[in-house]
Amino acid sequence: MALRGPLSRLLRSTLSSCQQNRSHSVAILGAPFSKGQKRRGVEHGPKAIRDAGLVERLSNLDYPVHDFGDLTFKHLEKDEHFMHVPFPRTVGRANKLLSGAVSGAVGAGHTCIMLGGDHSLAIGSVEGHAQQCPDLCLIWVDAHADINTPLTSPSGNLHGQSVAFLLKDLQNKMPEVPGFSWMKPFLSARDLVYIGLRDVDPGEHIILKTLGIQYFSMRDIDRMGIQRVMEVTLDHLLARKQRPIHLSFDIDAFDPSLAPATGTPVNGGLTYREGIYVTEEIHNTGLLSVMDVVEVNPTLGATPEAVEATTSLAVDVIASALGQTREGAHVAFPKIPEPKEDTELRL
């Protein structure tokens with residue numbers, strides 16, 4: 001695995017300690033990786049999101065945008081299954097590389113946007129963030145809980161086990177998966193909230209209940225409304241103290257009618273307004289530090305329009321998390337302009 005160009009220079013820069021108030025600059029990191037699951041094409045997600053106008057959209061907001069390009073991942077020729085987990089060493093190596101890149105971006109003072117790729121990449125993204133911000137909290141927006149262990153996972157796919165690698169509370173329930181000796185779990189269950197769940201495996205359900213993890217299923221959102229869900233979420237995570245937020249956003253949190261180009265769509269997901277409200281409220285805290293946007297798979301769109309709908313939605317979600325409002329991004333006119341004497345009409 002190799003780092004080239006501006007990304008390598010970013011990682012060589014001097015790292016500063018994590019600040020609660022992020023500087024007004026954005027680092028975009030692409031992670032074109034698909035081995036955390038079995039469907040090809042999700043590695044094209046970063047390019048598809050960029051092609052949908054991400055950098056141009058963010059450049060209209062009130063801070064500079066630095067696109068550091070894509071990480072380069074090497075896939076191991078020999079990577080035997082661990083139990084029924086495919087590609088464990090390849091996924092572990094990829095996440096180690098991504099961890100260093102995210103740590104470098106956060107340490108350099110940027111708000112980091114990680115473009116996946118499949119959701120196994122959150123292992124490295126959150127771990128790298130925690131190197132700089134050990135007191136971070138995690139908001140996981142997804143149709144799926146992704147908290148299986150190798151012992152509970154029906155498929156073995158690591159994109160459905162990401163959270164289990166992060167949680168200290170599951171340390172004695174996780175076998176030693178090859179490729180992950182570089183990391184140790186660091187997150188407490190109380191520092192995690194799920195939003196949008198509607199496809200939870202039996203093993204995941206018992207983990208959620210046993211650990212007392214705060215989560216909001218789509219039924220909860222229907223019952224409470226998204227405003228109340230976000231109030232409870234932010235109170236749960238921030239009432240004790242203000243701290244950096246890591247937002248890990250799987251595009252399949254949205255209903256498939258809005259985001260069809262994804263690998264594991266589940267009916268009954270977030271509406272456009274609900275999803276954007278989530279990111280608007282997180283932005284309003286001023287504490288967003290890292291955001292993952294994952295599982296955009298342009299090869300799974302039935303039509304070009306389906307791909308465009310999904311990638312445009314990803315851009316909207318990112319822009320909203322960084323300050324674009326549905327009232328318009330009020331940057332160009334900080335105050336009402338007044339006419340100057342030399343511009344007044346002369347008769």
Side-chain angles (χ1 to χ4, degrees), residues 10-27 29 31 68 71 92-114 116 119-141 146-147 149 161-174 176-177 179-195 207 211-215 233-249 282-283 285-292 294 321:
L10 169 68
L11 295 181
R12 289 195 299 265
S13 65
T14 302
L15 302 184
S16 61
S17 61
C18 184
Q19 303 294 322
Q20 284 189 348
N21 296 315
R22 308 303 305 155
S23 66
H24 291 289
S25 62
V26 174
L29 297 174
F68 291 101
L71 291 161
R93 283 165 60 98
N95 275 287
K96 183 177 181 180
L97 179 65
L98 178 59
S99 172
V102 171
S103 177
V106 174
H110 302 297
T111 299
C112 181
I113 306 298
M114 189 280 284
H119 216 165
S120 70
L121 293 163
I123 299 170
S125 180
V126 182
E127 201 277 342
H129 189 185
Q131 289 181 27
Q132 300 292 332
C133 310
D135 61 339
L136 66 79
C137 57
L138 176 60
I139 299 176
W140 196 274
V141 183
D146 296 346
I147 199 171
T149 74
Q161 303 179 47
S162 308
V163 179
F165 282 88
L166 308 177
L167 289 181
K168 294 185 292 186
D169 311 71
L170 288 177
Q171 189 165 8
N172 64 346
K173 307 296 184 184
M174 284 288 289
E176 294 185 8
V177 181
F180 289 89
S181 60
W182 56 274
M183 69 165 292
K184 296 187 185 316
F186 53 86
L187 191 72
S188 295
R190 67 176 181 272
D191 298 325
L192 165 67
V193 174
Y194 286 101
I195 297 172
I207 290 171
L211 299 185
I213 294 172
Q214 177 74 71
Y215 68 88
T233 294
L234 297 175
D235 182 68
H236 177 82
L237 295 174
L238 303 176
R240 296 189 299 273
K241 67 173 180 175
Q242 302 289 286
R243 55 200 175 131
I245 294 173
H246 189 114
L247 171 60
S248 202
F249 203 118
I282 291 172
H283 169 75
T285 67
L287 296 169
L288 179 65
S289 183
V290 177
M291 180 180 186
D292 312 322
V294 298

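Note that the coordinates shown come from a computational prediction; the quantities given were computed from them, not determined experimentally.
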Please lay out, stage by stage, how Y194 and Q214 fare under the test side chain to side chain contact (heavy atoms under 4.5 Å, CB included).
CA-CA 7 Å; Y194 286 101; Q214 177 74 71; over 6 Å; no
Worked check of side chain to side chain contact (heavy atoms under 4.5 Å, CB included) between L247 and V141:
CA-CA 8 Å; L247 171 60; V141 183; 3.7 Å; yes
Criterion side chain to side chain contact (heavy atoms under 4.5 Å, CB included) on I123 and F180, from CA distance to verdict:
CA-CA 10 Å; I123 299 170; F180 289 89; 4.0 Å; yes
From CA spacing to verdict: side chain to side chain contact (heavy atoms under 4.5 Å, CB included), L167, I213:
CA-CA 11 Å; L167 289 181; I213 294 172; 4.1 Å; yes
Show your reasoning for whether side chain to side chain donor-acceptor pair (under 3.5 Å) applies to S25 and H110.
CA-CA 5 Å; S25 62; H110 302 297; 2.8 Å; yes
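Once rounded to the nearest 0.5 Å, the distance linking CG of L98 with CD of E127 reads 10.0 Å. The structure places CG of L187 at 6.5 Å from CG of L136, a figure rounded to the nearest 0.5 Å. Between the CH2 atom in W182 and the CG atom in L97 there is a gap of 10.0 Å [rounded to 0.5 Å]. To the nearest 0.5 Å, atoms CG (L192) and CG (D169) are separated by 9.5 Å. A distance of 9.5 Å separates CD of Q242 from CG of L234, quoted to the nearest 0.5 Å. Between the OG atom in S248 and the CG atom in L138 there is a gap of 6.5 Å [rounded to 0.5 Å].
Shown here for N95 and A122, the closest heavy-atom pair between the two residues is OD1-N, 4.3 Å. Nearest heavy-atom pair across S99 and Q131 is OG-NE2, 2.9 Å. Looking at every heavy atom in both residues, L288 comes nearest to A321 through CD2-O, 3.6 Å. Pairing each heavy atom of H236 with each of R190, the nearest pair is NE2-O, 3.0 Å. Here the closest heavy-atom approach between residue L29 and residue A105 is recorded as CD1-CB, 4.4 Å. The shortest non-hydrogen separation linking V102 to C112 is CG2-SG, 4.3 Å.
Annotation: side chain of D135 is in contact with side chain of K241 (closest heavy-atom distance under 4.5 Å). Within the 4.5 Å cutoff, the side chain of S162 has heavy atoms near those of the W140 side chain. Side-chain contact check for F186 versus V126: some heavy-atom pair is nearer than 4.5 Å. Looking only at side-chain heavy atoms (C-beta outward), L170 and I147 come within less than 4.5 Å of each other. With a 4.5 Å cut-off on side-chain heavy atoms, L238 and L287 count as touching. Within the 4.5 Å cutoff, no side-chain heavy atoms of I195 are placed close to those of Y215. In this structure the side chain of Q161 never reaches within 4.5 angstrom of the side chain of V177, judged on heavy atoms.
Counted by atom type alone, S289 and H246 present zero donor-acceptor pairs between their side chains at under 3.5 Å. H129 and S103 share no side-chain donor-acceptor pair at under 3.5 Å. Looking only at atom types and distance, the side chain of S125 has a donor-acceptor partner in the side chain of D292 under 3.5 Å away.
Just one residue in the list L237, V193, T233 forms a side-chain contact (heavy atoms from CB on, under 4.5 Å) with C137, and that residue is L237.
A salt bridge links D191 with R240: the distance from a Lys NZ or Arg NE/NH1/NH2 to an Asp or Glu carboxylate oxygen falls below 4.0 Å.
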